[in-house]
Amino acid sequence: MKWLFLGFVCAMLTACTSVHSVKPYYTDNNKIDVPKDFLGVWISDDEPSQIIHLQLLASGELTVQEFDSAKKDQAKITKLKLQFFKVGGKTYADAYLAELPGEPLGLAAAMTVFPVHALVMVSSDENRFTAVVPQLPDDIPAELPYVTYEETPGKSDKAILFTASGEQWEKILKEKPELFFAKKEKGRTFKKVYVQ
């Protein structure tokens, strides 16, 4: 089974994703090409009210089409760029917005405009993968610096924006990946519909 952090799916799973960074999660030493298993066209397989199509190219460009089942003709299209990397035998990806989308703005775009980088863990099994959104731990390790900001102006809810370097993330992802991923979380399932 392969493990990936895919920032592009992060925004699709929940509107309140909590793990964002202003700096890339990878370093020059651990980045790799896009894994061939993830090339192609995918469709969400588990949530009938929101249908998501993904197309991942060898260049790392990901096109996300989000459909509301009640309004299938109004797709929200987002283009992301992915940089894959390996840490501790696991494969990860750093995602950021490749181009500013037009209207309507999809959730995938809205969650990657600011901050730029996000994480999601994905396991693959033949022609399916499951994406799990990372959760903010109760105790953030001191080696991962961050700042807080008001998520909604005028409200008391604070959001955290990580400022850690790729080297700092590499250490945490190698030594303590369980800090961000609860084993009970099932995630979101996608099935492959076309191989590139």
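Keep in mind it's a predicted model, so treat the numbers as computed, not measured.
Side chains of N30 and W169 form no contact here, defined as non-hydrogen atoms less than 4.5 Å apart. Between K23 and H117 there is no side-chain heavy-atom pair separated by less than 4.5 Å. By the 4.5 Å heavy-atom criterion applied to side chains, L136 and Y146 are not counted as neighbours. Using a 4.5 Å cut-off on side-chain heavy atoms (C-beta onward), L80 and L97 make contact.
Atom OG in S44 sits 7.0 Å away from atom NE2 in H53 (nearest 0.5 Å). Here the CD1 atom belonging to I160 is positioned 3.5 Å from the CD1 atom belonging to I140, to the nearest 0.5 angstrom.
A pairwise comparison of heavy atoms in P24 and D94 identifies CA-OD2, 3.1 Å as the closest pair. Here the closest non-hydrogen pair linking K192 and W42 is CE-CZ2, 3.1 Å. In this structure, L39 and A58 approach most closely via the heavy-atom pair CD2-N, 3.4 Å. Closest approach of Y25 to H20, counting heavy atoms only: OH-C, 3.5 Å.
Applying the side chain to side chain donor-acceptor pair (under 3.5 Å) rule to K86 yields the partners T91; only residues at least two apart in sequence or on another chain are considered.
Heavy atoms from other residues, nucleotides or ligands lying under 6.0 Å from NZ of K81 number more than 12.
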Atom pairs and distances, donor-acceptor, side-chain atoms in residues 161-168, under 3.5 Å, two or more places apart:
residue: T163; atom: OG1; partner: P145; partner atom: O; Å: 3.3
residue: S165; atom: OG; partner: E167; partner atom: N; Å: 3.4
residue: S165; atom: OG; partner: E167; partner atom: OE1; Å: 3.4
residue: S165; atom: OG; partner: Q168; partner atom: N; Å: 3.2
residue: S165; atom: OG; partner: Q168; partner atom: OE1; Å: 3.3
residue: Q168; atom: OE1; partner: S165; partner atom: N; Å: 2.6
residue: Q168; atom: NE2; partner: E143; partner atom: O; Å: 3.4

